[in-house]
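Everything below concerns the one structure shown next.
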Amino acid sequence: MPAIFETAPAKTILVGEHAVVYGQPAIAIPVHDLRVKVVMQALPIAQRGTVLIKAPDIALQAYVDQLPEEHPIAFAIAQVLAHFKLEKSPACQMSITSPIPIGTGLGSSAAVSVAILKAYASFLGQALPREVISAMAYEVEKITHGTPSGIDNSVIAYEAPVYFVRGQAVELLQAGERFEFLIANTGIAHKTSEAVAMVREKREANPGLYDPILQQIGELANEARSAILKGDAMALGRLMNANQTLLGGLGLSTPELAVLIQAGMRAGALGAKLTGAGMGGNVLVLVEAETRGLVEEALRKAGATAVYHTQVGKA
Ligand code: PMV
């Protein structure tokens, strides 16, 4: 049997991070150019049940039964086996490679889970519907992140812009125009769980101050949804800037993030904000086709350790 492979994209949150944890809407988009790849090969002479995992990016090489049951990779595989009512896996090797930087808000863990679920199901000669992949990836995300909102697994499983409210069916957004984005890395990794805990503590200590901020972020997400559907890039840029101000109010911005945001805006971007948990990680910058090159150069000059591109809407 020839090797087969599947991939899954990174993601970036366009508006609504953190507030989404408290039931507000948020919008996330896939980063198509940055993809996890999972290659499956049969191991014809190995015993049934043998699954050899190779993940060089995290220096992991192990048989799945050597991993703890709640290891994200083992758990993803176990869910697929259970779904198809298989007791033992056909002998195989699973090779996982990811160019997505870890801990920078680009959804590396959810992308790895989605790529594994798709590739392993394909290897079994099966296909899983996107909603099942998303639900299974969410279960894996809970191991990695505690109480994630579910936005990462949704946008990555559907590979489309999603309007997301916790506990509700996702809405896939059809952009009215093409929107171009740059994503620039501060080079500083963050821990999502720490950022989420910090916001929780602040909110519990002073709900009168923080609840209105979270609610205003939710309102921005609703306005951003309309701007995307209409294809209004100017409006979307303004909403991203307003979101950044509110995220700053939650204490999630840092000088490094601010430097990149300012550099992008000075070079002609329409909007810029931190994306994901904040306190490091990446900024998301809305550009126009004509200014993309200038903005990218400015971001690199301002210290971005990497700049990625993504777009939504018409090609
Ligand atoms: O993993 P990150 O950095 O994209 O952050 C996740 C976004 C949060 O809203 C902060 C948390 C969540 O679970 O949605």
Side-chain angles (χ1 to χ4, degrees), residues 8-31 34 36 72 98 100-114 134-135 137-158 161-168 170 181 183-203 210-211 213-218 220-221 224 240 243-244 246-254 256-257 260 273-285 306 308 310:
K11 74 95 204 354
T12 178
I13 298 181
L14 179 53
V15 53
E17 48 275 270
H18 286 284
V20 69
V21 174
Y22 301 93
Q24 297 294 335
I27 296 172
I29 60 175
V31 182
L34 207 50
V36 175
S98 173
I100 307 175
I102 296 171
T104 65
L106 296 182
S108 67
S109 60
V112 167
S113 298
V114 168
S134 179
Y138 182 63
E139 294 305 313
V140 185
E141 285 287 279
K142 283 202 247 175
I143 299 177
T144 321
H145 292 307
T147 51
S149 63
I151 193 167
D152 281 24
N153 48 282
S154 300
V155 63
I156 291 169
Y158 286 95
V162 297
Y163 173 86
F164 178 90
V165 182
R166 202 170 185 157
Q168 296 183 13
V170 292
F181 299 93
I183 297 149
N185 197 338
T186 59
I188 300 165
H190 62 205
K191 258 200 156 301
T192 300
S193 52
E194 282 172 15
V196 171
M198 184 194 80
V199 173
R200 187 183 310 119
E201 278 162 28
K202 286 188 172 184
R203 177 176 176 258
Y210 289 101
D211 279 344
I213 298 182
L214 295 166
Q215 202 177 333
Q216 281 172 52
I217 292 176
L220 293 179
M240 288 170 67
N243 194 175
Q244 172 60 22
L246 294 172
L247 288 164
L250 293 174
L252 294 161
S253 200
T254 64
E256 293 82 2
L257 288 162
L260 293 184
K273 62 183 277 292
L274 68 84
T275 180
M279 303 175 84
N282 285 279
V283 298
L284 177 63
V285 184
Y308 313 103
T310 193

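Both backbone and side-chain heavy atoms feed into the values below; hydrogens, waters and symmetry mates do not. Order of appearance sets the numbers: ligands from 1, and atoms from 1 within every ligand.
The only member of I183, T310, I100 that meets side chain to side chain contact (heavy atoms under 4.5 Å, CB included) when paired with L34 is I100.
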Check ligand 1 against the protein and report each N/O to N/O distance under 3.5 Å, formatted as atom name, atom name, distance.
| residue | atom | partner | partner atom | Å |
| --- | --- | --- | --- | --- |
| ligand 1 | 1 (O) | T192 | OG1 | 3.1 |
| ligand 1 | 3 (O) | H190 | NE2 | 3.2 |
| ligand 1 | 3 (O) | T192 | OG1 | 3.4 |
| ligand 1 | 3 (O) | A277 | N | 2.8 |
| ligand 1 | 4 (O) | K11 | NZ | 2.7 |
| ligand 1 | 4 (O) | G105 | O | 3.4 |
| ligand 1 | 5 (O) | A277 | N | 3.2 |
| ligand 1 | 9 (O) | H18 | N | 2.9 |
| ligand 1 | 13 (O) | S149 | N | 2.9 |
| ligand 1 | 13 (O) | S149 | OG | 3.4 |
| ligand 1 | 14 (O) | S149 | OG | 2.6 |

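Counted by atom type alone, Q244 and S253 present one or more donor-acceptor pairs between their side chains at under 3.5 Å. A donor-acceptor contact closer than 3.5 angstrom is absent between the side chains of T144 and S109. No side-chain N or O of T275 forms a donor-acceptor pair with one of N282 less than 3.5 Å apart.
A distance-only check finds a donor-acceptor pair linking the side chain of Y138 to the backbone of P148 [under 3.5 Å]. No donor-acceptor pair under 3.5 Å is formed between the side chain of K11 and the backbone N or O of S108.
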